[in-house]
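I have placed the structure first, in the form of structure tokens, so that the comments after it can refer back to it.
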Number of protein chains: 2
Amino acid sequence: MKRPPTMKDIAAELELSVSTVARSLADSPRISRETRARVMAAAERLGYVVDLAARAMRSGTSSIIGLIVPDIRNDFYSTAAKAIADCCQERGHQLVLAVTDDDPKLELEHLRNLRSARALGFIIIPSVTPAPETLRLMRATPHVQFVRHCAKVDSDWFGIEDDEAMRLAARHLIDLGHRRIAYIGSTVAISTGRDRLEGFRRTLQEAGIAIDDRLVKAGSCDTEFGFAAMQAILAEPQRPTAVVTAGARMSIGAYDCARAAGVAIPSELSFVGFSDSPTLRWCGNGLTTIALPVRELATASTDFLFRKAASDGQSERPCRVMLKPSLLQRGSTAVPQRVPEPA
Amino acid sequence: MKRPPTMKDIAAELELSVSTVARSLADSPRISRETRARVMAAAERLGYVVDLAARAMRSGTSSIIGLIVPDIRNDFYSTAAKAIADCCQERGHQLVLAVTDDDPKLELEHLRNLRSARALGFIIIPSVTPAPETLRLMRATPHVQFVRHCAKVDSDWFGIEDDEAMRLAARHLIDLGHRRIAYIGSTVAISTGRDRLEGFRRTLQEAGIAIDDRLVKAGSCDTEFGFAAMQAILAEPQRPTAVVTAGARMSIGAYDCARAAGVAIPSELSFVGFSDSPTLRWCGNGLTTIALPVRELATASTDFLFRKAASDGQSERPCRVMLKPSLLQRGSTAVPQRVPEPA
DNA sequence: CTATCTCGCGCAATCGATTGCGCAGATGAT
DNA sequence: ATCATCTGCGCAATCGATTGCGCGAGATAG
């Protein structure tokens with residue numbers, strides 16, 4: 001447990017001043033080749049590594065990047081985390097993982113922590129109802145809103161074209177001949193929930209299909225809600241021939257429920273899942289799903305954050321990048337077997 | 001982007017010395033109630049938070065805990081990460097996520113980074129072949145080996161009873177009547193791979209079943225290998241009636257392959273998966289799988305690491321905690337349809 | 001032969017929190 | 001009345017890296 005060596009140790013070893021050591025390591029031009037070489041060699045030999053705390057103190061900011069996610073077990077977020085971690089690693093930054101469970105209190109605490117650590121910036125999937133102080137802290141630090149968007153903070157936002165996602169799903173089902181389509185999504189309190197539902201609604205309207213509000217379920221975005229929503233939908237006297245889901249977790253729950261209820265997919269019910277993960281290829285004959293460009297989005301937002309932090313956070317108008325989702329057609333959707341009711 | 005306020009700002013505001021502010025915030029007894037209250041109020045009002053960099057510098061160590069994992073997208077590790085993140089949050093530590101992709105170079109780089117950050121300690125799932133310097137750095141910092149165990153570093157190890165895991169799987173299949181059982185696992189270069197295979201072998205031996213080495217596949221622990229291994233197994237002239245897998249990723253690949261090949265599960269082939277995740281309940285009639293006490297293990301190891309770091313890393317003999325896996329019986333295993341060959 | 005540069009390096013201050021030591025004033029004990 | 005305590009607070013040093021300034025020596029120009 002002895003402390004790592006410092007510049008002072010190198011300086012003592014070579015009978016140089018600490019300044020010279022510092023400048024050598026920083027590759028300053030005002031140092032002779034020979035001295036630099038000797039310093040480098042000694043640093044290597046002693047196993048010197050800079051003390052990031054000291055550097056952070058001097059510079060006023062650390063090299064820490066925060067990642068504030070509601071749930072790291074969610075495949076969507078862990079995929080994003082991987083991409084973000086890669087970016088950080090490439091540029092020698094530390095990635096601090098903060099999991100909120102969508103709890104505003106935890107979110108705030110993590111934000112305070114990152115501020116305490118003088119983080120360079122952070123990438124946040126904002127919780128549904130951020131605390132007032134959370135908003136204040138967000139405004140005080142360079143950051144990027146990821147996927148979800150909290151309109152109360154007018155900052156940069158990297159998201160998915162959520163309406164387009166549901167448009168794809170709905171269009172696919174309509175093209176197959178479905179007319180009675182249910183929707184299971186997350187609460188409209190979240191921007192993504194709102195936009196997805198909107199995309200669904202509009203696509204049906206454009207196709208001249210009336211929307212039965214009893215088939216539209218929007219609630220919390222966990223597996224349990226998905227299960228319950230599907231249960232309610234299956235209990236409808238006039239069942240839909242297809243369901244679209246607008247969230248990865250609830251998609252799992254809904255599918256689970258349908259299977260447990262013995263509903264045949266896709267013959268009795270076409271099912272469009274949300275987000276993609278290796279395991280989703282398995283479900284039945286594979287799950288038709290809306291795939292999101294997670295990696296690309298994560299990489300883009302991290303790059304952006306670095307640029308922003310480097311430029312001292314001076315971006316004029318907030319940047320807004322929306323990537324397009326795509327439809328992965330697999331075995332859980334098909335032409336409806338029951339003849340759709342006449343309008 | 002203005003800097004957060006410091007103790008100096010509070011001191012100036014109240015016309016006190018910085019020392020008094022520091023002691024007030026640290027709840028030192030040598031400060032009057034009134035002064036303390038005033039300081040607290042001012043700190044709150046100004047939005048003061050300690051500068052962790054400065055504190056780290058003073059104390060010689062930061063409050064950072066490193067988590068070095070091969071793959072954060074793996075459900076096993078992300079579940080562990082969640083539990084570890086919770087522990088860190090509770091105690092006000094920062095969790096730095098380092099993803100190695102099982103690459104010794106990245107592993108070393110992350111270890112250097114953590115050293116640079118003067119991390120309090122770290123939890124590591126060691127890569128297959130750690131670099132020599134990696135071993136040196138491990139010995140120099142308090143840490144816990146998680147799940148996998150690198151014998152070259154004689155440190156504390158929190159793992160799974162890997163042999164027991166495969167014993168459960170094999171026993172289950174044997175009890176169902178299977179006699180020709182294939183094994184798809186990770187390389188024996190990793191401790192867990194070795195132990196799992198050993199557990200499998202011994203259980204079959206104890207049941208008096210001869211092991212056909214052509215049905216034993218041990219390789220890299222990714223999805224692709226699982227797929228390839230299953231392919232090879234299905235190509236055997238005398239197919240097995242059951243397969244056990246000894247790794248989450250390869251389990252997915254293997255299952256995927258079997259399904260793609262049109263093998264009926266469990267009628268043609270009983271399949272025991274590895275590790276558990278919400279999505280695994282879906283596969284066909286659900287996947288019989290070996291569940292690991294990830295959360296418990298992660299929590300225990302994090303707690304241990306904190307205690308160890310607090311006691312200055314002075315633990316006499318390395319601690320070794322092994323938790324027991326369990327069998328989750330679902331729909332992918334059944335009594336074999338083909339009559340087993342006579343021995 | 002001197003004034004001016006440049007090169008290579010050292011001095012010292014700085015970032016913010018923490019802590020041993022010391023210094024007043026108040027209280028208590030003798 | 002006098003000294004020992006105790007209370008409440010300030011001074012100053014420290015942790016390690018970084019950087020503006022300056023200094024001496026050698027090189028170049030005038």
Side-chain angles (χ1 to χ4, degrees), chain A residues 1-40 42-43 46-64 92 112-113 115-120, chain B residues 1-40 42-43 46-64 92 112-113 115-120:
Chain A
M1 284 307 304
K2 62 182 177 318
R3 296 228 205 288
T6 68
M7 287 190 178
K8 199 188 283 184
D9 299 318
I10 299 179
E13 178 99 353
L14 301 178
E15 295 186 308
L16 286 173
S17 75
V18 180
S19 337
T20 303
V21 173
R23 275 188 263 258
S24 297
L25 293 172
D27 210 38
S28 154
R30 308 189 66 75
I31 297 291
S32 70
R33 290 165 173 279
E34 191 208 332
T35 304
R36 196 199 328 277
R38 289 206 309 146
V39 170
M40 294 303 202
L46 298 178
Y48 170 83
V49 281
V50 312
D51 185 322
L52 290 177
R55 174 178 287 176
M57 187 156 176
R58 191 60 170 56
S59 69
T61 170
S62 74
S63 50
I64 287 177
R112 280 220 185 89
N113 255 317
R115 184 175 170 80
S116 218
R118 304 295 188 263
L120 192 60
Chain B
M1 282 309 302
K2 62 182 177 322
R3 295 231 205 287
T6 70
M7 287 191 178
K8 198 188 284 184
D9 298 318
I10 299 180
E13 178 99 352
L14 302 178
E15 295 186 308
L16 285 174
S17 76
V18 180
S19 337
T20 302
V21 173
R23 275 189 264 259
S24 297
L25 292 172
D27 211 36
S28 154
R30 307 190 65 75
I31 297 292
S32 70
R33 289 162 173 280
E34 191 208 331
T35 304
R36 197 199 328 276
R38 290 205 307 148
V39 169
M40 293 303 202
L46 299 178
Y48 171 83
V49 282
V50 306
D51 185 322
L52 291 177
R55 174 178 286 176
M57 187 155 177
R58 191 60 170 59
S59 69
T61 171
S62 74
S63 51
I64 286 177
R112 281 220 184 89
N113 254 318
R115 183 174 171 81
S116 218
R118 303 297 188 262
L120 192 59

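Predicted model only: the values in this text are computed from it and were never measured. Order of the sequence lines fixes the chain letters, A, B, ..., with proteins taken first and strands second; residue numbering starts at 1 for each chain.
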### Query
Do Thr6(B) and Asp51(B) touch side chain to side chain, with heavy atoms closer than 4.5 Å?
no
### Task
Could you check how far CG of Leu14(B) sits from P of dG10(D), rounded to whole Å?
10 Å
### For Arg115(A), all residues meeting side-chain hydrogen bond (donor to acceptor under 3.5 Å, both in side chains), sequence neighbours excluded
none
### Message
Please check: side-chain N/O of Ser24(A) versus main-chain N/O of Thr20(A), any donor-acceptor pairing under 3.5 Å?
### Response
yes
#### Entry: Between dC9(D) (P) and Glu15(B) (CD): distance, integer Å
14 Å
## Note on the structure
In short, the helix from dC1(C)-dG30(D) to dT30(C)-dA1(D) is bent end to end, axes from five pairs each side, to 10°, by 50°
Detail all sub-3.5 Å separations between protein N/O atoms and N/O atoms belonging to nucleotides 4-6 of chain D.
none

### Query
Looking only at atom types and distance, does a side-chain atom of Ser116(B) sit under 3.5 Å from a main-chain N or O of Val50(A), one as donor and one as acceptor?
yes
### Message
Please enumerate all residues that pass side-chain hydrogen bond (donor to acceptor under 3.5 Å, both in side chains) together with Thr61(B), with sequence neighbours excluded.
### Response
none
### Query
Which atom names give the shortest non-hydrogen contact between Ala117(A) and Ser62(A), and what distance separates them?
O-OG, 3.1 Å
## Note on the structure
Protein heavy-atom contacts under 4.0 Å, written 5' to 3' over nucleotides 17-24 of chain C as B (base), S (sugar-phosphate only) or - (none), form the string BBBB----
## Note on the structure
Glu34(B) CD to dT7(D) P, in whole Å, measures 17 Å
#### Entry: Between P of dG16(D) and CD1 of Ile10(A), the distance in whole Å
12 Å
### Query
Within this structure, what is the CG-to-P distance between Asp9(B) and dC15(C), rounded to whole angstrom?
11 Å
### Query
So, is Thr35(A) close to the dC9(C) phosphate, meaning a side-chain N or O under 4.0 Å from OP1 or OP2?
yes
### Query
Which pairs count as salt bridge (charged side-chain N to carboxylate O under 4.0 Å, His left out) when at least one residue sits in residues 12-30 of chain A, sequence neighbours excluded?
Glu13(A)-Arg45(A), Asp27(A)-Arg36(A)
### Message
Measure CZ/Arg33(A) against P/dC7(C) and give the value in whole Å, please.
### Response
13 Å
